[in-house]
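Each remark here refers to the structure printed beneath this line.
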Amino acid sequence: MNIAFDLMKVTEAAAIEAAKWVGTGRKKAGDGAAVAAMRQAFSSIDLAGRVVIGEGEKDEAPMLYTGEEVGNGRGLAVDIAVDPVEGTNLMALGRPNAIAVLGAAPRGSMYDPGPSFYMQKLVVPKEASQVVDIDAPVEDNLDHTARALGKDVRDLVIFVLDKPRHVELIQRIRAKGARVQLHTDGDVAGSLMAVTPGSGVDMMLGTGGTPEGVISACAVVALGGAIFGRLAPKTEAERKTVLEYGTDIDKLLTTNDLVDSDKACFVATGISGGTFLAGVENDASGIVTHSMVLDGGSGHLCMVRSVHTNIG
């Protein structure tokens, strides 16, 4: 799809507003500002978008709601997956790697997770996409990935969210000899790093958000890696709600299940900065943003530095 750079305007707008709240401790205020900016930016784009993934429901945050129509209605008909601030805690606490993210794919091609909030995930680069199995022991996946990448297991770096549920996983990865890169939040960023050459991360493992899994799949499609997932309700109430929605909890979800199109695109703009994407900056020339643009249709990955001079 030839809309990736138009969509970059949307994540840039969200990042610029969210950056005003970095380090303030007010995550909902920052998230709300980003949502409003994103919604306004959408209105100027030739697009008939429908929000399939609207972040915010599980923590009652501000959000673009599921089913919302975005764009001016005159362009391509697409599904939209969006998180105006991926890493609201990172933003509020002034920590690195908060980003504004957006994925898009032709209408009808994006997985609808319904009321599912959590998903077990395994994300690897293209070279390892045929040799891993989400149901296999983590030690086997580390061996097979190392071999596919031409590395020693001791040189692998695995992105894992630093959560109590991952204590055993972290212990097993380290016992095998691989390295663990722990992050408090932001598993879209983790998925991105796992499939982006030169990021320093070779795999993303663990349970994170279901919406983030679908957003990540847009990036994985564009870069040619692989994401595997399975819904993982944290409570019996969530499990019951998901089953009542008609979702198969036990189904193995592949990249194509999450986004069934090779024309998906993905855009991310840094908010608080970090090793992966620099954040919003203010200098004499104006407000500076740093974005990643992935176009699955062309296979292009672009890193974009933009200077905004007409912002009040």
Side-chain angles (χ1 to χ4, degrees), residues 1-22 27-56 61-88 91 98-107 110 188-189 192 211-212 214-215 218-219 222 264-273 277-282 285-295 302-312:
M1 296 188 297
N2 296 317
I3 60 170
F5 282 95
D6 288 330
L7 294 175
M8 184 180 71
K9 301 173 186 176
V10 178
T11 57
E12 286 177 336
I16 288 169
E17 290 305 310
K20 298 174 183 177
W21 299 90
V22 169
K27 70 175 186 178
K28 287 190 177 180
D31 205 14
V35 168
M38 190 169 266
R39 184 175 281 122
Q40 182 176 357
F42 265 125
S43 67
S44 66
I45 296 176
D46 288 337
L47 187 74
R50 180 187 62 192
V51 176
V52 175
I53 302 295
E55 177 65 8
M63 61 184 295
L64 286 153
Y65 61 85
T66 301
E68 180 172 352
E69 300 292 330
V70 295
N72 62 18
R74 294 196 293 268
L76 290 172
V78 299
D79 288 340
I80 297 289
V82 63
D83 194 347
V85 181
E86 211 262 324
T88 52
M91 171 196 66
I99 56 178
V101 297
L102 187 159
R107 180 68 61 90
M110 197 173 285
V188 173
L192 273 172
E212 288 85 348
V214 180
I215 296 171
C218 294
C265 63
F266 174 90
V267 185
T269 301
I271 296 171
S272 61
L277 270 176
V280 176
E281 303 167 357
N282 289 273
S285 61
I287 297 175
V288 180
T289 57
H290 305 267
S291 303
M292 165 187 275
V293 180
L294 300 168
D295 184 354
C302 300
M303 305 300 289
V304 182
R305 178 182 184 273
S306 302
V307 180
H308 307 263
T309 58
N310 297 318
I311 296 178

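For clarity, every value in this text was computed on a predicted model and none was experimentally measured.
- Using a 4.5 Å heavy-atom threshold, the side chains of E68 and V70 count as touching.
- You'll find the side chain of E17 stays beyond 4.5 Å of the side chain of P84, heavy atoms only.
- Considering only heavy atoms from C-beta on, L277 comes within 4.5 Å of M303 through its side chain.
- Heavy-atom minimum distance, A189 versus I99: CB-CD1, 4.3 Å.
- Taken to the nearest 0.5 Å, the CD1 atom of I45 stands 12.0 Å off from the CZ atom of R74.
- Rounded to the nearest 0.5 angstrom, I53 CD1 and L64 CG are separated by 12.5 Å.
- The minimum heavy-atom distance between P106 and D79, with the atom names listed, is O-OD2, 3.8 Å.
- Taking 4.5 Å as the limit, some side-chain heavy atom of V280 sits within range of a side-chain heavy atom of I287.
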After noting the C-alpha distance and the side-chain angles of M292 and L192, does the key distance pass the side chain to side chain contact (heavy atoms under 4.5 Å, CB included) rule?
-> CA-CA 10 Å; M292 165 187 275; L192 273 172; 3.8 Å; yes
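- Side-chain contact, T269 with H290: no donor N or O sits under 3.5 Å from an acceptor N or O.
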Determine, stepwise, if the pair V78 / L47 fulfils side chain to side chain contact (heavy atoms under 4.5 Å, CB included).
-> CA-CA 8 Å; V78 299; L47 187 74; 3.5 Å; yes
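- Taking SG from C302 and CE from M8, the interatomic distance works out to 9.0 Å, rounded to the nearest 0.5 Å.
- When all heavy atoms of A18 and A34 are compared, the pair lying nearest together is CB-CB, 4.1 Å.
- With a 4.5 Å cut-off on side-chain heavy atoms, V85 and I271 count as touching.
- Atoms CD and OG, on E69 and S43 in that order, are 14.0 Å from each other to the nearest 0.5 Å.
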Side chain to side chain contact (heavy atoms under 4.5 Å, CB included) between L76 and I3: does it pass, once the steps are laid out?
-> CA-CA 9 Å; L76 290 172; I3 60 170; 3.8 Å; yes
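- No more than 12 heavy atoms of other residues, nucleotides or ligands shown are found within 6.0 angstrom of CD on Q40.
- Closest heavy-atom contact between F266 and C218: CB-C, 4.1 Å.
- You'll find the side chain of R50 stays beyond 4.5 Å of the side chain of I80, heavy atoms only.
- No donor-acceptor distance shorter than 3.5 angstrom exists from the side chain of E281 to the backbone of V288, with no hydrogens or angles considered.
- You'll find the side chain of Y65 stays beyond 4.5 Å of the side chain of V35, heavy atoms only.
- Residues R305 and T289 have side chains not in contact (no heavy-atom distance under 4.5 Å, counting atoms from C-beta outward).
- Summarising the geometry of L294 relative to A219, their closest heavy-atom pair is CD1-CB, 3.7 Å, with the distance given to 0.1 Å.
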Determine, stepwise, if the pair M91 / S272 fulfils side chain to side chain contact (heavy atoms under 4.5 Å, CB included).
-> CA-CA 6 Å; M91 171 196 66; S272 61; 5.6 Å; no
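- Here the shortest heavy-atom pairing between A41 and K9 reads CB-O, 4.1 Å.
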